[in-house]
Amino acid sequence: MASSASALRVLLLVVLALASCASAAAAVAARTPPLANGLSFEFYKATCPQAESIVFNFLQDAVRNDVGLAAALVRIHFHDCFVQGCDGSVLLDKTGSTDSEKIAPPNVTLRPTAFKAINDLRALLAKACGAVVSCADIAALAARDSVQLAGGPHYPVPLGRRDGLTPANLTTILGALPRPTSNVTTLLSFLAKISLDADDLVALSGAHTLGIAHCVSFEERLFPTQDPTMDKWFAGQLKLTCPALNITNTTNNDIRTPNVFDNKYYLDLLNRQGLFTSDQDMHTDGRTKPTVTKFAVDQAAFFDQYVFSVIKMGQINVLTGNQGQIRNDCSAPNAASSSNDELPWSVLETVAETLAL
């Protein structure tokens, strides 16, 4: 009898745990922002129903062979959306006298292998479905699948973006991507331009749970004197990799689980082991500290907000309908073949009202 009672208790605990997981998953699925006009979760259902599986299957092998690719693809999606919207313009190479966004200071460390992966996906999707899936959508899907393959949440991606015709200029790029030396006040001023708030800032910064950083992006916290908000042991470890100014070495963003998408990045911040000023200041500033603390102890809360915020970010200033084009090569605009391709389009057409909460 005692054995039966014990077995029943174990069974009850298992059922409750499964119910809790199901409820958490449902909550994540339910908490998505409004869709921008022209986007849909089933945009390619008729024209390329296998699009998402093609992207995932390719990346499953690619990330297994190169774990750093996951972080690189997430970063491309962020740098694309923050600058003149999610239009795939960061993927464009230099054309004639028009410079590429890739050569701008915030983008020079974007990995060539990630750009190649997106173009490889472009070729696979074109072979399967024709020129249907945009490069901007490929970048968004690749970022989502990279998060999942690194252990993070799976989330639905609104699709139907069109590709921009021209890259942003240097002034626009520098005015859209804050430096890693920025404090929370500066970060919030940048995000306010694209209708993102403090919760979005903290959640999206959590992507720093993956990837690496160059010494020059945080060296001001080590030299000439150590930033007092940095843990002394951590500073000493960083100086082994970055012993002086202007060193080209790299280190992991997250010292605890550098290749896993989890909430350990926030634990780093609680221990004063954030790498960038832009990271650590979120644990100092009263507008963001409570959220940092919550995410450090509650991974489900982080995942929930990350999903909401990254879907929201992925709809900034999107081109839809007849705007832009579907590029045949993600690194170059198509040759003009219709009046639509030659018409100017404005990045000032925003979805700010749609995304307003």
Side-chain angles (χ1 to χ4, degrees), residues 28 51-82 86 88 90-91 102 106-125 133 135-157 159 177 180 202-214 217 250-268 274-276 278-279 295 299-300 302-311 313-314 330-331:
V28 170
E52 295 196 38
S53 62
I54 289 172
V55 174
F56 183 81
N57 290 337
F58 173 87
L59 289 177
Q60 193 169 33
D61 290 335
V63 171
R64 185 184 298 118
N65 294 327
D66 176 8
V67 69
L69 182 62
L73 288 168
V74 172
R75 191 167 175 232
I76 281 178
H77 182 44
F78 277 52
H79 282 230
D80 183 34
C81 291
F82 270 58
C86 312
V90 73
L91 307 173
K102 297 175 185 178
N107 293 335
V108 291
T109 55
L110 294 175
R111 285 182 56 179
T113 52
F115 290 118
K116 181 181 183 302
I118 290 173
N119 250 342
D120 289 345
L121 284 166
R122 160 77 283 165
L124 287 173
L125 289 162
V133 183
C135 297
D137 276 349
I138 294 170
L141 287 171
R144 186 271 306 276
D145 291 347
S146 293
V147 166
Q148 181 182 358
L149 289 166
H154 176 86
Y155 56 88
V157 176
L159 299 168
L177 293 171
V202 179
L204 294 174
S205 296
H208 284 168
T209 188
L210 299 176
I212 60 174
H214 290 75
S217 61
T250 62
T251 190
N252 292 321
N253 284 337
D254 174 4
I255 64 169
R256 286 174 167 78
T257 52
N259 297 316
V260 180
F261 194 97
D262 57 18
N263 68 332
K264 297 301 187 292
Y265 159 82
Y266 300 102
L267 193 59
D268 294 341
L275 200 55
F276 306 133
S278 58
D279 293 322
F295 291 170
Q299 181 166 279
F302 164 46
F303 282 4
D304 176 74
Q305 185 62 51
Y306 180 82
V307 166
F308 187 91
S309 296
V310 78
I311 294 175
M313 182 199 76
C330 291
S331 63

When rounded to the nearest 0.5 angstrom, what distance separates [atom1] in [X] from [atom2] in [Y]?
X	Y	atom1	atom2	value
H208	Y266	NE2	OH	10.0 Å
E52	N57	CD	CG	11.5 Å
L121	L59	CG	CG	5.5 Å
T109	R75	OG1	CZ	3.5 Å
L204	Q305	CG	CD	8.0 Å
D304	S309	CG	OG	9.0 Å

Could you check whether any side-chain N or O of [X] sits under 3.5 Å from a backbone N or O of [Y], counting only pairs where one atom can act as donor and the other as acceptor?
X	Y	answer
N253	T209	no
N252	D254	no
K102	V90	no
R122	I138	no

Grab the two heavy atoms, one from [X] and one from [Y], that are nearest each other, plus how far apart they are.
X	Y	result
H77	A143	CB-CB, 3.6 Å
I76	A114	CD1-CB, 3.4 Å
P156	I311	O-CD1, 3.4 Å
A136	C86	CB-O, 3.6 Å
A51	V133	CB-CG2, 4.1 Å

Going by heavy atoms in the side chains, are [X] and [Y] under 4.5 Å from each other?
X	Y	answer
L110	H79	yes
S146	L69	no
L125	V55	yes
S331	F115	no
R144	F56	no
V310	V74	no

Report task. Would you please classify the geometry between the F302 ring and the F261 ring as parallel, tilted or perpendicular, with 30° and 60° separating the classes? Result ->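 It falls in the parallel class, under 30°.
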Query raised in the report: Would N107 and L177 count as a side chain to side chain contact (heavy atoms under 4.5 Å, CB included) if you check the C-alpha gap in whole Å, the side-chain angles of each, and the deciding distance to 0.1 Å?
Result: CA-CA 9 Å; N107 293 335; L177 293 171; 3.7 Å; yes
Requested in this report: Give the C-alpha distance, both sets of side-chain angles, the deciding distance and a yes or no for side chain to side chain contact (heavy atoms under 4.5 Å, CB included) between Y306 and Y155.
Outcome: CA-CA 10 Å; Y306 180 82; Y155 56 88; 4.3 Å; yes
Report task. Mind running side chain to side chain contact (heavy atoms under 4.5 Å, CB included) on N119 and L91 for me, showing each step along the way? Result -> CA-CA 9 Å; N119 250 342; L91 307 173; over 6 Å; no
Report summary line: Residues passing the salt bridge (Lys or Arg N to Asp or Glu O under 4.0 Å) test with D145, sequence neighbours excluded, are none
Query raised in the report: What pairs with R111 under salt bridge (Lys or Arg N to Asp or Glu O under 4.0 Å), at least two apart in sequence or on another chain?
Result: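 Salt bridge (Lys or Arg N to Asp or Glu O under 4.0 Å) list for R111, sorted by chain: D66.
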Query raised in the report: Would you call K116-D120 a salt bridge at under 4.0 Å N-O?
Result: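 Salt bridge between K116 and D120, a charged N being under 4.0 Å from a carboxylate O: yes.
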Report task. Report the C-alpha separation of Y265 and L210 in whole Å, then their side-chain angles, then the decisive distance to 0.1 Å, and conclude whether the side chain to side chain contact (heavy atoms under 4.5 Å, CB included) test is met. Result -> CA-CA 9 Å; Y265 159 82; L210 299 176; over 6 Å; no
